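Note sheet for the following structure.
Since this is a predicted model, take the numbers as computed values, not measurements. Letters A, B, ... are given to chains in the order of the sequence lines, protein chains preceding strands, and every chain is numbered from 1.
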There are 2 protein chains.
Amino acid sequence: MMLSRASKYAILSTLYLAEHASENRKISVKVIAESIDVPSPFLAKLFQQLVKGKIISSTKGPNGGFYLTKKNQKKNVLDIIENIDGLNRINECFLGLSECDGTNPCPVHFIVEPFKNSILGKFRDKNIMEFSQEIVSKGRKLTIKDISTEINS
Amino acid sequence: MMLSRASKYAILSTLYLAEHASENRKISVKVIAESIDVPSPFLAKLFQQLVKGKIISSTKGPNGGFYLTKKNQKKNVLDIIENIDGLNRINECFLGLSECDGTNPCPVHFIVEPFKNSILGKFRDKNIMEFSQEIVSKGRKLTIKDISTEINS
DNA sequence: ATATATTAAGACCTTTTTATCTTTTATATA
DNA sequence: TATATAAAAGATAAAAAGGTCTTAATATAT
């Protein structure tokens, strides 16, 4: 019931593309990596995979970079998670039981299950673009930059 | 917002002790490891740490093993998690944002937060013994044994 | 055409987590 | 008191996750 760091990076970066990139304003890994403070070679790998999965698009060369086509914009956050982590990970029992369901539930099953449905709904019901627009309209900042570490540097 | 495998093992094994062990019926790592299908040397390490953390107790030698004292029984599941994973891990933002709270929430903050409170409550409000009794009274089996893998072996 | 900017691909490294093995120590009991 | 049994301690190994680097391919602008 949790995302890998890779998935988190992928989600944040794809949402960044949704907000800032377009077919004629492609953005390079380097720029995104710096904006949301993610290691850029690692993000490059993830983006490669997302391109293969047809969740984002890319072109090489000058003024190249990553962006979302109309089709890409219809994908949702769960597609990103599925592409990077697979669906098993997010569906595993919170306490690690192999057989955990309504008939043989773990002690927290009936707390976890509604949450899982709710968050999976959130990740499925809006497409990337709608999801992004909601974030923008509410003025939210999505960054993993740690302010306290900046003070130390 | 997730438990390590180590924490899961520790929780299940401690609950096993709560149900099956007592001061005059100590149980060895080997027996527990087999019952709930956890690697026994790994569990031995975890138990060492839980003993140091005064969450479970042990005695060496013949008829030795692990068990819970009255004091141990008053500990709760969150104490186990804290001892093995620390509390940071379970408190991290679901999407990995460094600053995620009510004022600058991530897109799923208001879904995750109630869940987190609810599950932390569950892990804190009952002590180990009460938690275990609830499981037993409901006839639940806590195992990570995978039935499908047993067919293959 | 050529130079350049950028992704693609894949090998490689590091850290963390999970798991194992070996030796030492404590203790019950015969 | 000797012996067997079980945990404690710590060294080591394997696997997974996270991260880096180098080279190749390719699209674009000039």
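Judged as a salt bridge (Lys or Arg N to Asp or Glu O under 4.0 Å), and not counting sequence neighbours, B:Lys116 has no contacts. Every residue was checked against the ring pair (Phe, Tyr, Trp, His ring centres under 6.0 Å) condition with B:Phe131, not counting sequence neighbours, and none meets it. Under the ring pair (Phe, Tyr, Trp, His ring centres under 6.0 Å) criterion, B:Phe115 pairs with A:Phe115, not counting sequence neighbours. Residues that satisfy the ring pair (Phe, Tyr, Trp, His ring centres under 6.0 Å) test with B:Tyr16, not counting sequence neighbours, are B:His20.
The CD1 atom of A:Ile80 sits 9.5 Å away from the CZ atom of A:Phe123 when rounded to the nearest 0.5 Å.
Protein atom NZ of A:Lys52 is 9 Å distant from nucleotide atom P of C:dA8, rounded to whole Å. Distance A:Lys54 NZ to C:dA8 P: 12 Å, rounded to the nearest Å. For A:Leu46 and C:dA8, the CG to C1' distance is 14 Å, given to the nearest whole Å. For A:Tyr67 and C:dT7, the OH to C1' distance is 12 Å, given to the nearest whole Å. Spacing between atom CZ of A:Phe66 and atom P of C:dA5 amounts to 17 Å, rounded to whole angstrom units. Whole-Å rounding puts the A:Gln49 CD to D:dG19 P distance at 15 Å. In this structure, CD1 of B:Ile32 is placed 12 Å from C1' of D:dA7, rounded to the nearest angstrom. Between the C1' atom of D:dT5 and the CD1 atom of B:Ile27 lies a distance of 16 Å, rounded to the nearest Å.
At a cut-off of 3.5 angstrom, counting only N and O atoms as typed in the model, there is a donor on one side and an acceptor on the other between the side-chain of A:Gln48 and the base of C:dA9.
The two residues A:Ile144 and A:Ile36 make their nearest non-hydrogen contact at CG1-O, 3.1 Å.
Counting non-hydrogen atoms under 4.0 angstrom, A:Phe47 reaches nothing in the nucleic acid. At the heavy-atom level, B:Lys8 lies nowhere under 4.0 Å from the strands shown.
The pair B:Glu34-B:Lys145 fails the salt-bridge criterion, with no side-chain N (NZ, NE, NH1 or NH2) lying under 4.0 Å from an Asp/Glu carboxylate O.
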What does the list of N/O pairs under 3.5 Å between the protein and nucleotides 12-15 of chain D look like, with a distance for each?
none

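Heavy atoms from other residues, nucleotides or ligands lying under 6.0 Å from CG of B:Asn88 number 12 at most.
With A:Phe66 as reference, A:Val29 is the one residue of A:Val29, A:Val31, A:Thr14, A:Ile27 to meet the side chain to side chain contact (heavy atoms under 4.5 Å, CB included) rule.
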Nucleotide-resolved protein contact map, nucleotides 15-30 of chain C, B/S/- at heavy-atom distance under 4.0 Å: ---SBB----BBBBS-
